[in-house]
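This report refers to the structure that appears directly beneath it.
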2 protein chains.
Amino acid sequence: MFDNSEETRTGLSELGEFGLIDHLTRHFAPKHSSTIKAIGDDAAVVDFSNKHTLISTDMLVEGVHFDLAYMPLKHLGYKSVIVNLSDIYAMNAKATHITVSIAASNRFTVEALEELYAGIKLAADVYNIDVIGGDTTSSTSGLFISISVFGEAEKEAVVYRDGAQSNDLVVLSGDIGAAYMGLQILEREKQVFKANPNAQPDLEPYTYLIERQLKPEARKDVPKLLKELDLKPTSMIDVSDGLSSEIIHLCKNSKTGVKLYEEKIPLDPAVISVCEEFELDSTTIALSGGEDYELLFTISQSDYDKIKGNPNFTVIGHMTEEHEGMHLITRANQAVELIARGWNSMDKESEEA
Amino acid sequence: MFDNSEETRTGLSELGEFGLIDHLTRHFAPKHSSTIKAIGDDAAVVDFSNKHTLISTDMLVEGVHFDLAYMPLKHLGYKSVIVNLSDIYAMNAKATHITVSIAASNRFTVEALEELYAGIKLAADVYNIDVIGGDTTSSTSGLFISISVFGEAEKEAVVYRDGAQSNDLVVLSGDIGAAYMGLQILEREKQVFKANPNAQPDLEPYTYLIERQLKPEARKDVPKLLKELDLKPTSMIDVSDGLSSEIIHLCKNSKTGVKLYEEKIPLDPAVISVCEEFELDSTTIALSGGEDYELLFTISQSDYDKIKGNPNFTVIGHMTEEHEGMHLITRANQAVELIARGWNSMDKESEEA
């Protein structure tokens with residue numbers, strides 16, 4: 001769906017900092033009446049009225065969080081926005097504004113950054129977000145993207161990580177593991193390409209997995225759905241680092257234990273078949289894969305009827321008393337202790353170092 | 001004033017991403033009742049009530065914006081906050097919250113980042129700011145700091161860049177040029193040190209200049225002073241890139257011209273004497289030096305009595321009709337056209353490349 005053309009090559013220094021900001025953001029018209037002043041002054045001005053304001057920020061680093069060998073810049077721009085929006089939806093809130101700062105080396109042309117910003121703009125349009133500020137500067141090497149995201153929620157609607165109680169049901173939106181297996185496919189193709197640049201890979205069977213990796217979507221619909229269902233989760237988090245890592249966050253913050261059921265974890269058939277191809281255990285991938293940007297939340301048992309049979313949600317376990325610990329109950333009915341093996345950058349770095 | 005000790009060396013990977021955030025931010029207790037939730041969830045939650053919210057963000061890149069050869073990490077942390085706060089004060093607003101994201105290579109130890117965060121905490125304490133979030137990640141090389149700053153103002157108090165009218169007076173807080181000359185001193189000492197590591201420099205005569213470069217302060221007091229004087233500027237900007245660049249921003253946004261008077265530009269005696277030492281023209285330094293973080297604003301002539309004789313402010317010129325252009329009137333009464341030679345990173349990069 002993305003067309004990544006790079007025919008013209010304009011050096012970054014030809015525009016200068018102010019010229020570059022103006023150039024890259026010239027199509028970013030505000031959509032929200034709350035945006036009083038967007039780009040073009042010392043600060044943006046926003047009217048958050050009587051609601052709570054949600055603020056989150058994420059930094060993406062070339063060589064750590066993304067590899068431009070298989071990540072087109074437009075996809076990267078899109079994904080950079082998505083990973084931030086996901087944090088706001090994970091508070092049961094509506095994302096409304098972002099700021100985008102980038103540091104890029106001389107290796108990047110203006111046209112390359114235009115591709116990046118085209119992806120940012122597409123995400124902003126699809127998710128109804130105003131881009132209200134940012135910074136562009138040079139780096140000595142590599143590309144760094146720092147995005148801050150802002151959202152709003154009625155004061156009583158915000159869901160934190162610390163509200164789960166023993167016996168609450170653990171619920172997951174969508175399915176997981178696909179983004180991680182998409183990455184494995186892309187890494188494999190990169191090696192194949194290095195060995196033989198003329199090889200023509202058939203990626204058709206992996207479309208879903210690769211799209212989950214290269215063009216993930218955030219669950220904007222979930223806070224809306226929950227509101228329609230008159231259902232307020234007791235705790236919530238987004239699945240960026242893997243199911244295991246995220247449920248441990250909820251348990252630690254809420255001071256509970258948990259039982260997750262292996263047979264309940266929702267996997268796409270493509271994840272199962274590619275795990276077989278790679279000789280990987282699909283449950284391990286689901287637990288530690290990451291980057292799916294689904295929402296993981298807990299609800300009171302008395303709210304079960306509100307989501308029963310809803311195709312968006314799967315109950316995968318329940319919270320327990322803290323002293324009972326955090327476990328996965330396998331298909332063989334064995335309790336395995338959950339450990340945080342989330343796919344986060346520092347872990348990745350230390351594994352590689 | 002800062003003690004930069006680095007005796008213990010803990011590798012970044014020893015703590016992991018979550019451990020590192022917890023570790024570095026463990027002393028950052030919220031100070032504002034508007035901070036509902038700071039660090040520790042998917043997003044921070046802030047209650048901005050009925051005021052306008054100001055948002056700004058800046059990215060600082062090692063080798064582009066700072067040189068760790070003469071910038072101690074604690075000073076760097078302090079300055080990183082200051083340059084952001086300055087953007088909020090430049091909107092005539094009160095800064096209240098920041099988020100701090102850093103990407104650091106394996107070259108940096110936990111102790112080094114603790115020094116950085118000690119400077120961030122000091123600035124947050126001095127300026128009454130809540131640190132409500134951020135991200136720490138690894139970089140393949142160098143240190144990147146991305147800070148977003150939030151502030152609040154009564155809706156009618158916010159001052160933009162575009163409100164100046166012909167005949168408005170141009171006013172500057174404090175004095176300018178010192179931060180740039182401080183940088184020249186530090187660059188010179190770095191070369192001396194490279195040639196002879198045992199040389200003991202006498203930096204005593206340059207204390208003010210070096211402090212303006214290494215530990216600048218933002219003019220938090222100015223919005224407060226203006227309120228006490230019942231004076232709302234017609235336009236305002238902070239002097240981060242040099243007086244010339246900043247006044248051009250005000251003129252272009254307000255569609256005016258300007259006459260600045262060379263003899264009125266406030267310079268510290270140390271700037272004048274060091275400019276002589278370096279054989280530099282002090283007016284050129286004042287116009288293009290940058291990093292002073294003073295505030296430049298315009299006021300209606302009818303408000304002149306409110307600032308007359310106030311030691312915090314100097315009238316340095318007046319706005320004109322747009323077609324009259326933007327000029328500096330020299331001591332010899334010649335009109336020289338102002339050009340943007342602001343000391344911004346992209347310009348710097350292109351000059352160096």
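Below, each value reflects all heavy atoms present in this structure, side chains not excepted, and no hydrogens, waters or symmetry copies. Reminder, nothing fancy here: chain letters follow the sequence lines and each chain counts from 1.
With a 4.5 angstrom heavy-atom cutoff, B:Ser146 touches chain A via backbone and side-chain atoms both. With a threshold of 4.5 angstrom between heavy atoms, A:Asn84 does not approach chain B through any atom at all. Both the backbone and the side chain of A:Ser101 have a heavy atom closer than 4.5 Å to some heavy atom of chain B.
A:Thr35 pairs by the side-chain contact (heavy atoms from CB on, under 4.5 Å) definition with A:Pro30, A:His32, A:Ala38, A:His97, A:Asp130, A:Ile132, not counting sequence neighbours.
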Please tabulate, one pair per line, all N/O donor-acceptor pairs under 3.5 Å involving side-chain atoms of residues 147-156 of chain A, not counting sequence neighbours.
{"residue": "A:Ser148", "atom": "OG", "partner": "A:Thr57", "partner atom": "OG1", "Å": "3.1"}
{"residue": "A:Ser148", "atom": "OG", "partner": "B:Ser148", "partner atom": "OG", "Å": "3.0"}
{"residue": "A:Lys155", "atom": "NZ", "partner": "B:Asp47", "partner atom": "OD2", "Å": "3.0"}

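Contact count versus chain A (heavy atoms, under 4.5 Å) is highest, among B:Gly133, B:Ala93, B:Ser86, B:Ala90, for B:Ala90. In terms of heavy-atom pairs under 4.5 angstrom with chain A, the leader among B:Met236, B:Met59, B:Glu62 is B:Met59. Of the listed residues (B:Leu54, B:Val61, B:Ile55, B:Asp87), the greatest number of heavy-atom pairs within a distance under 4.5 Å of chain A belongs to B:Ile55. The candidate from A:Thr53, A:Asp162, A:Thr99 with the greatest count of non-hydrogen atom pairs under 4.5 Å with chain B is A:Thr53. If you tally non-hydrogen atom pairs under 4.5 Å between each of A:Asp238, A:Val158, A:Ile88 and chain B, the highest count goes to A:Asp238.
In this structure, OG on B:Ser56 lies 8.0 Å from CG on A:Asp135, to the nearest 0.5 angstrom.
Contact of the B:His65 side chain with the A:Thr137 side chain is registered, since non-hydrogen atoms from C-beta on lie closer than 4.5 Å.
Here the shortest heavy-atom pairing between B:Ser141 and A:Phe144 reads O-CZ, 4.4 Å.
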